[in-house]
Chemist: 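Input: one structure, supplied below.
Both backbone and side-chain heavy atoms feed into the values below; hydrogens, waters and symmetry mates do not. Chain naming here is simple, since letters A, B, ... match the order of the sequence lines and numbering starts at 1 in each.
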Number of protein chains: 2
Amino acid sequence: MNLRERKKRRTRDALLRAALELFATRGYDETTVDDIAAAVDVSQRTFFRYFAGKEETAFFVPRLAEALVVDAVRARPPGEAPLEALRRAVLESWDAINEAIVELVPIELHMRVYRVIESTPALLAAHLRRSAELEEQLARIIAEREGLDVDADPRPRIVVALFGGVIRVTERLWSTGDDLTLDAMRQLTATYLDQVGPALAGNWHTEPSP
Amino acid sequence: MNLRERKKRRTRDALLRAALELFATRGYDETTVDDIAAAVDVSQRTFFRYFAGKEETAFFVPRLAEALVVDAVRARPPGEAPLEALRRAVLESWDAINEAIVELVPIELHMRVYRVIESTPALLAAHLRRSAELEEQLARIIAEREGLDVDADPRPRIVVALFGGVIRVTERLWSTGDDLTLDAMRQLTATYLDQVGPALAGNWHTEPSP
DNA sequence: GAGGCTAATGACAGCCACTGACAATTGACA
DNA sequence: TGTCAATTGTCAGTGGCTGTCATTAGCCTC
């Protein structure tokens, strides 16, 4: 890697970390792009040459995680049922995600930023839209696995929608809870996915939730 | 109603219709608040006294629809299974929704705006966030119906997430399709909801989708 | 029905996210 | 080392949105 390239990477990382640090401490809306640029001592214009917008800094890390999940789903053996493939892919990709994050920012900072995303309306909206795009991608992968046409058969999009819905519920719960560790997240996700069957059954009262 | 009140209502409706008309013809991003204000011949400042932001005009009608759905869910008999209650509430509230819309803007305009919402990133994000809030509300209603604690039992949030996911898939399909009638929407929703069971079954290939 | 009160509006200034254009700087490479 | 291209800073401008203050317009009382 060039000196030039290295310099660019350093500037980008510095901007990223400065932005996330500011978001986590001061709040997203209370942080201006000028603040971020000033913290790294570059011009505001330079910030916008590295990131398409303020929002992009907040989703830089989540973007990596999404890519890893997509890879994990693609790597699942074709024999598995769709929902099972999604479940295993997500649960098993967290270690890789963790490693990827640590390369870039302190994991603890990322956790704090995650809470900011969930509690800042503008960021939550962006997060949900990104999730919708991810789901579309996953639906196509599932359809291909099963040899189906996404636009003709409703089932791929439906499983993915169900799955995504559960994931989002657990994300929100996790981010508002006390235990911000990876294991807590994994545990919560597994528990909630196990509840999909029971939740669809009509008879909630004959058997209480396990 | 006062002359003053009537004048206010007229100004608000004019702003709303002008905004939606501009969004539908020119596009959301291509429409400035100044354009909207100019079309009604009021100052930009006045626009912001009626609407918290440009976005709010786009979601004024959907907001009414959401309120009606919530009412419909609340009105469901307690005996029904949760998913069934949600399904019936949505399918049966569309007529009321239709009436409420017609009072405010031509239904055909609303359809066109709906397409704009689904195809404009900023609006889609906002739409998804609103949906998430709606789902939280519905989860609380379902939990209450069943005499459960939303924060202790995962099932209310899960059914609603599943349900919401399916609804969103159908919304997207409907908005990108050719048939923008209410009946098409109702039909699509019913069909997709019927697929929830089959989609969760592991054996997609032993029985093709009905 | 004139005059005072209050709510609605317009005009203006300013903040922040973001973009285009151009000049200055800095690393790359012959 | 000098040339070329990439990186950066500066400046000007747009659009969404807000606070402030003076002006206008409906309302209500005497």
Side-chain angles (χ1 to χ4, degrees), chain A residues 1-16 18-20 22-23 25-60 113 116-117 120-127 129-130, chain B residues 1-16 18-20 22-23 25-60 113 116-117 120-127 129-130:
Chain A
M1 225 175 19
N2 274 346
L3 166 58
R4 197 174 258 178
E5 295 285 311
R6 268 175 296 160
K7 238 181 168 176
K8 271 172 63 178
R9 171 63 62 93
R10 235 183 304 142
T11 307
R12 193 205 62 183
D13 288 358
L15 281 168
L16 183 60
L20 298 186
L22 284 165
F23 295 164
T25 56
R26 192 188 305 183
Y28 180 76
D29 292 327
E30 289 69 35
T31 303
T32 70
V33 173
D34 283 327
D35 292 335
I36 302 168
V40 183
D41 203 49
V42 296
S43 70
Q44 190 220 49
R45 197 65 183 84
T46 293
F47 172 90
F48 283 110
R49 290 199 177 97
Y50 283 93
F51 299 97
K54 197 168 82 161
E55 217 179 78
E56 204 181 280
T57 58
F59 292 108
F60 197 89
V113 171
V116 174
I117 291 176
T120 305
L123 290 181
L124 179 55
H127 175 57
R129 192 177 51 99
R130 299 175 55 80
Chain B
M1 227 179 12
N2 272 345
L3 166 58
R4 198 177 261 178
E5 294 284 312
R6 267 175 294 153
K7 238 181 167 175
K8 271 172 63 177
R9 171 65 62 91
R10 234 181 304 144
T11 307
R12 193 205 62 184
D13 288 356
L15 281 169
L16 182 60
L20 299 187
L22 284 166
F23 295 164
T25 57
R26 193 187 304 184
Y28 181 77
D29 292 326
E30 289 69 34
T31 303
T32 70
V33 174
D34 283 327
D35 291 335
I36 302 168
V40 183
D41 204 49
V42 296
S43 71
Q44 190 218 50
R45 197 67 183 82
T46 294
F47 172 89
F48 284 109
R49 289 199 178 96
Y50 282 93
F51 300 97
K54 195 167 84 162
E55 217 178 79
E56 205 181 279
T57 58
F59 291 107
F60 197 88
V113 172
V116 174
I117 290 176
T120 305
L123 290 181
L124 179 56
H127 175 57
R129 191 178 50 101
R130 298 174 56 80

Chemist: Name all residues meeting the side-chain contact (heavy atoms from CB on, under 4.5 Å) criterion together with B:A37; count only those two or more places apart in sequence or in a different chain, and write none if there are none.
Modeler: B:V42
Chemist: Quick one: list whatever passes side-chain contact (heavy atoms from CB on, under 4.5 Å) with A:K7, sequence neighbours left out.
Modeler: A:R10
Chemist: Enumerate the salt bridge (charged side-chain N to carboxylate O under 4.0 Å, His left out) contacts for residues 32-47 of chain A, please, sequence neighbours excluded, ordered by first and then second residue.
Modeler: A:R26-A:D35
Chemist: For B:Y28, which residues count as a ring-ring contact (aromatic ring centres under 6.0 Å, His included) partner, sequence neighbours excluded?
Modeler: B:F23
Chemist: Answer yes or no: is there a side-chain heavy-atom contact under 4.5 Å between B:F51 and B:V33?
Modeler: no
Chemist: Going by the rule side-chain hydrogen bond (donor to acceptor under 3.5 Å, both in side chains), which residues pair with B:T46 if we only count those two or more places apart in sequence or in a different chain?
Modeler: B:S43
Chemist: Report for the helix from C:dG1-D:dC30 to C:dA30-D:dT1: angle between first-end and last-end helix axes, five pairs each, rounded to 10 degrees.
Modeler: 0°
Chemist: Mind checking what makes salt bridge (Lys or Arg N to Asp or Glu O under 4.0 Å) contact with A:R130, not counting sequence neighbours?
Modeler: A:E66
Chemist: Under a criterion of less than 4.0 angstrom to any heavy atom of chain B, what are the 5'-terminal and 3'-terminal contacting nucleotides of DNA chain C?
Modeler: C:dT6 to C:dA11
Chemist: Could you pull out all residues at least two apart from A:R12 that satisfy salt bridge (Lys or Arg N to Asp or Glu O under 4.0 Å)?
Modeler: none
Chemist: Can you list everything that forms a ring-ring contact (aromatic ring centres under 6.0 Å, His included) with B:F59? Sequence neighbours excluded, please.
Modeler: none
Chemist: Tell me every residue that passes side-chain contact (heavy atoms from CB on, under 4.5 Å) with A:A122, counting only those two or more places apart in sequence or in another chain.
Modeler: none
Chemist: How would you summarise protein contacts on nucleotides 7-19 of chain D per nucleotide, using B for base, S for sugar-phosphate only and - for none, with heavy-atom distances below 4.0 Å?
Modeler: SBBB-----SBBB
